[in-house]
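Below is one structure, written out as structure tokens; the observations come after it.
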Amino acid sequence: MPVRISEAFPSHPHKHYPADFNSLHELPDSYAWTNQLDECPSLDSSFGSDLCVPVIDLNDQNVIKLIGHACKTWGVFQVTNHGVPQKLVHDIESTCRSLFSLPVQQKLKAARPADGISGYGIHRISSFFQKLMWSEGFTLVGSPLEHFRQLWPQDYNKFCCMVEEYETEMKKLAGRLMWLIFGSLGISKEDVSWAGPKGDFEDASNALQLNSYPACPDPSRAMGLAEHTDSTLLTIIHQSNISGLQVLREGAGWLTVPPVAGALVINIGDLIHILSNGEYQNVFHRAIVNRSQQRLSVAYLYGPPINVQISPHSKLVTPSHPSLYRPVTWKEYLGIEGKLYNKALSSIKFHDHQNDQM
Ligand SMILES: O=C(O)CCC(=O)C(=O)O
Ligand SMILES: [Fe+2]
């Protein structure tokens, strides 16, 4: 039996549940972050069009090259012609809207238990910050049935089917992106034992994170979701047509990833960074909020089979490029991240003297 991802995601017991944001007409002190939002992109002309997150057509004949370049220089890109039916993307957004519009008491019926990982609550990285984030989330690992039954006693079934269908499409797209990324690194199907007999990453693990960022009375002092990298191989994000997702670009600061109709955002996570022996960037990102409109996002978190050891691929390790990271399973890495947050990656990095002895 494959080990389930639910055994690996560490739970973060915390006492807070999201506020009833509708009832807050001023920003409470517990939500007031300082000095977070004043780093504007410096419009250094040497960056030029390099200030725009790449948008890649998956039908482009140079797709492998384009993806490789985006992974190396950005760690994030948007994809069009990705094959996921627009209706399904529209439906998941409606489900998300419907869920977060429920009365607070109803949402709390599906609250994530203190020792659990699925359900309604504040974002899992919240425990690392003094201040609260202006957002609410719903994490889905495994079947949503029990929680959805609490939320929508009458018609939970249609929401369950829809989520399942969305996850199937996401898994297909994620597998396709994995081969494009591997291809851009010169890694072929024979070089990846854990892709499964059909090469479709059948045993890959995943979770779905629904996010809502309500309109905020004082957006310049609030934080929707604090900066982080994803501990995944990659993450596929659908954002509603309200901007708010920002990525950190070295030398330029925080740049907004503009919503592009029909496109999906692909974040490179820590595990691709490890597999590529540091060649591909794991992107730092965050979400900011605005005064007038609720913003929604749906993040599909994609990882390897939970007990597979991930390490820099042997094809990318040479005497002049020694291995940067020790092998780690996703299960172990999620545990480390749960304790160390953004120091997880450096904790598995070889220091020079260790590498010399390899
Ligand atoms: O809301 C967004 O666009 C980003 C969400 C995100 O980064 C996450 O859920 O890990
Ligand atoms: Fe993220």
Side-chain angles (χ1 to χ4, degrees), residues 46-90 166-202 204 206 230 232-239 241 245 247 249-250 252 255-269 271-283 285 298-300 302-304 312-316 321:
S46 64
F47 272 92
S49 66
D50 272 2
L51 286 175
C52 300
V53 173
V55 179
I56 299 175
D57 178 346
L58 289 188
N59 289 343
D60 192 300
Q61 54 180 1
N62 288 321
V63 65
I64 293 190
K65 215 167 135 203
L66 293 169
I67 285 187
H69 183 71
C71 291
K72 201 180 269 192
T73 56
W74 280 90
V76 61
F77 50 96
Q78 308 210 49
V79 292
T80 58
N81 279 316
H82 44 65
V84 181
Q86 282 310 313
K87 168 154 184 350
L88 199 52
V89 178
H90 174 267
Y166 189 74
E167 287 183 332
T168 303
E169 286 295 328
M170 286 293 113
K171 187 169 181 177
K172 235 192 310 179
L173 175 59
R176 186 174 164 202
L177 289 166
M178 284 301 293
W179 286 126
L180 291 170
I181 292 169
F182 276 138
S184 70
L185 288 165
I187 295 168
S188 53
K189 295 211 166 164
E190 309 79 65
D191 301 324
V192 186
S193 55
W194 48 273
K198 289 187 250 135
D200 58 356
F201 300 95
E202 190 180 356
N206 63 78
D230 292 338
T232 55
L233 286 164
L234 55 84
T235 305
I236 305 176
I237 300 174
H238 162 65
Q239 53 174 344
N241 66 347
L245 174 61
V247 294
R249 177 94 159 110
E250 211 183 313
L255 302 175
T256 296
V257 183
V260 170
L264 293 163
V265 180
I266 312 300
N267 283 350
I268 297 303
L271 298 187
I272 289 279
H273 174 78
I274 294 170
L275 269 169
S276 71
N277 203 16
E279 181 123 342
Y280 286 179
Q281 294 197 34
N282 48 340
V283 68
H285 56 287
V298 179
Y300 178 78
Y302 183 75
H313 197 279
S314 56
K315 281 196 154 170
L316 306 173
H321 289 281

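It should be emphasised that the depicted structure is a prediction, and the values quoted were computed from it without experimental measurement.
- Taking CD1 from Ile56 and NE2 from His69, the interatomic distance works out to 9.0 Å, rounded to the nearest 0.5 Å.
- Below 30°, between 30° and 60°, or above 60°: for Phe182 and Phe201 the angle between ring planes is below 30°, a parallel geometry.
- Note: Asn282 CG to Leu233 CG = 12.0 Å, rounded to the nearest 0.5 Å.
- When every heavy atom of Glu202 is checked against every heavy atom of Lys171, the shortest pair comes out as O-NZ, 2.5 Å.
- How far CG of Leu271 is from CG of Leu234: 9.5 Å, rounded to the nearest 0.5 Å.
- In Gln61, the CD atom is not crowded: 12 or fewer heavy atoms of neighbouring residues, nucleotides or ligands sit closer than 6.0 Å.
- Within a 6.0 Å radius of NZ in Lys72, other residues, nucleotides and ligands contribute 12 heavy atoms or fewer.
- Side-chain contact check for Leu173 versus Leu58: some heavy-atom pair is nearer than 4.5 Å.
- Panel note: side chain Gln281, backbone Thr73; a donor-acceptor pair is recorded below 3.5 Å.
- Side-chain atoms of His82 come within 3.5 Å of backbone atoms of Gly262 as a donor-acceptor pair (strictly under, hydrogens ignored).
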Could you walk me through whether Val53 and Leu255 pass the side-chain contact (heavy atoms from CB on, under 4.5 Å) check?
CA-CA 8 Å; Val53 173; Leu255 302 175; 5.6 Å; no
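- The side chain to side chain contact (heavy atoms under 4.5 Å, CB included) test with Ile67 is passed by exactly one of Ile268, Ile266, Leu180: Leu180.
- Counting heavy atoms from C-beta on, the side chains of His285 and Val76 never come closer than 4.5 Å.
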Cys71/Ile272 under side-chain contact (heavy atoms from CB on, under 4.5 Å): CA gap, chis, key distance, verdict:
CA-CA 9 Å; Cys71 291; Ile272 289 279; 5.8 Å; no
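- Taking CE from Met170 and CG from Leu264, the interatomic distance works out to 5.0 Å, rounded to the nearest 0.5 Å.
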Go through it in stages, so that I can follow the logic: the residues are Val55 and Phe77, the test is side-chain contact (heavy atoms from CB on, under 4.5 Å), and I'd like the CA-CA distance, side-chain angles, deciding distance and then a yes or no.
CA-CA 6 Å; Val55 179; Phe77 50 96; over 6 Å; no
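- In this structure a side-chain-to-backbone donor-acceptor pair under 3.5 Å is present from Trp179 to Gly199.
- Looking only at atom types and distance, the side chain of Tyr280 has a donor-acceptor partner in the side chain of Ser184 under 3.5 Å away.
- Residues Gly186 and Lys315 share a closest heavy-atom pair of O-NZ, 3.4 Å.
- To the nearest 0.5 Å, atoms OH (Tyr302) and CD1 (Ile236) are separated by 8.5 Å.
- The backbone N or O of Leu316 lies less than 3.5 Å from a partner atom in the side chain of Asn277, making a donor-acceptor pair.
- Of the possible donor and acceptor atoms, none in the side chain of Gln239 sits under 3.5 Å from a partner among the backbone N and O of Val265.
- Rounding to the nearest 0.5 Å places CG of Asp57 at 9.0 Å from CG of Leu66.
- In this structure, Ala174 and Tyr300 approach most closely via the heavy-atom pair CB-CE2, 4.2 Å.
- Judged by distance alone, with hydrogens and angles left aside, the side-chain atoms of Asp191 form a donor-acceptor pair with the main-chain N or O of Ser188 at under 3.5 Å.
- His313 places no side-chain N or O within 3.5 Å of a backbone atom of Val192 that could act as its donor or acceptor partner.
- By the neighbour-count criterion of 12 heavy atoms within 6.0 Å, atom NZ of Lys65 is sparsely surrounded, having that number or fewer from other residues, nucleotides or ligands.
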